[in-house]
Amino acid sequence: QVQLVESGGGLVQAGGSLRLSCTASGSIFGIQSMGWYRQPPGKQREVVATIIRSGLTIYADSVKGRFTISRDRAKNTVYLQMNSLKPEDTAVYYCNAGLTQWGQGTLVTVSS
């Protein structure tokens with residue numbers, strides 16, 4: 001079992017930036033990937049960015065060039081740097097580990 005704790009959400013104006021953090025604990029050995037998903041109001045959850053164990057990163061087209069996923073292995077933490085935020089980025093953002101473990105979510109609201 002892996003525990004994931006997210007932080008960093010909040011309210012920001014369009015064009016602004018936020019950085020989300022996700023710290024993992026528990027049985028983290030062997031996790032092949034970690035990622036960020038989001039669920040906009042009234043919509044389904046969607047993948048935003050993923051970082052594979054090798055370091056390869058994958059992004060949704062909607063965030064390419066604006067968001068960056070990174071990790072600090074020493075801290076068991078994955079980050080999502082979000083720049084040039086748009087109102088359509090408003091959502092609850094969830095951290096994921098190994099496609100099966102989820103954090104509690106953190107709300108990001110982008111005002112126009």
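- With respect to Asp61 and Lys64, a salt bridge is recorded, a charged nitrogen being found less than 4.0 Å from a carboxylate O.
- Once rounded to the nearest 0.5 Å, the distance linking CG of Asn76 with OG of Ser25 reads 8.0 Å.
- Hydrophobic clustering of Ile, Leu, Val, Met, Phe, Trp and Tyr side chains at less than 4.5 Å, counting indirect connections, unites Val78 with Val108.
- Atom CG of residue Asn96 and atom SG of residue Cys22 lie 8.5 Å apart, to the nearest 0.5 angstrom.
- Contact annotation: the side chain of Met82 approaches that of Leu20 to within less than 4.5 Å [non-hydrogen atoms, C-beta and beyond].
- Annotation: side chain of Tyr94 is in contact with side chain of Gln39 (closest heavy-atom distance under 4.5 Å).
- Once rounded to the nearest 0.5 Å, the distance linking CD1 of Ile69 with CD of Gln81 reads 12.5 Å.
- Taking the side chain as every heavy atom from C-beta outward, Ile31 and Gln101 never approach each other to under 4.5 Å.
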Distance-only donor-acceptor pairs under 3.5 Å for side chains of residues 40-57, two or more places apart:
| unit_1 | atom_1 | unit_2 | atom_2 | d |
| --- | --- | --- | --- | --- |
| Glu46 | OE2 | Arg38 | NE | 2.7 |
| Glu46 | OE2 | Arg38 | NH2 | 3.4 |
| Ser54 | OG | Leu56 | N | 3.4 |

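- Sorted by first and then second residue, the ring-ring contact (aromatic ring centres under 6.0 Å, His included) pairs with a member in residues 59-86 form an empty list; sequence neighbours excluded.
- To the nearest 0.5 Å, atoms CG (Leu107) and CD (Glu6) are separated by 11.5 Å.
- The shortest distance between side-chain heavy atoms of Cys95 and Trp36 falls below 4.5 Å.
- Cluster membership check: Val2 shares its hydrophobic cluster with Met34, using side-chain heavy-atom separations under 4.5 Å among Ile, Leu, Val, Met, Phe, Trp and Tyr.
- For residues 8-24, every residue pair satisfying the side chain to side chain donor-acceptor pair (under 3.5 Å) rule, not counting sequence neighbours, is listed here: Ser17-Asn83, Thr23-Thr77.
- When every heavy atom of Ser84 is checked against every heavy atom of Asp89, the shortest pair comes out as O-OD2, 4.4 Å.
- Smallest separation of non-hydrogen atoms from Leu18 and Gly8: CD2-O, 3.9 Å.
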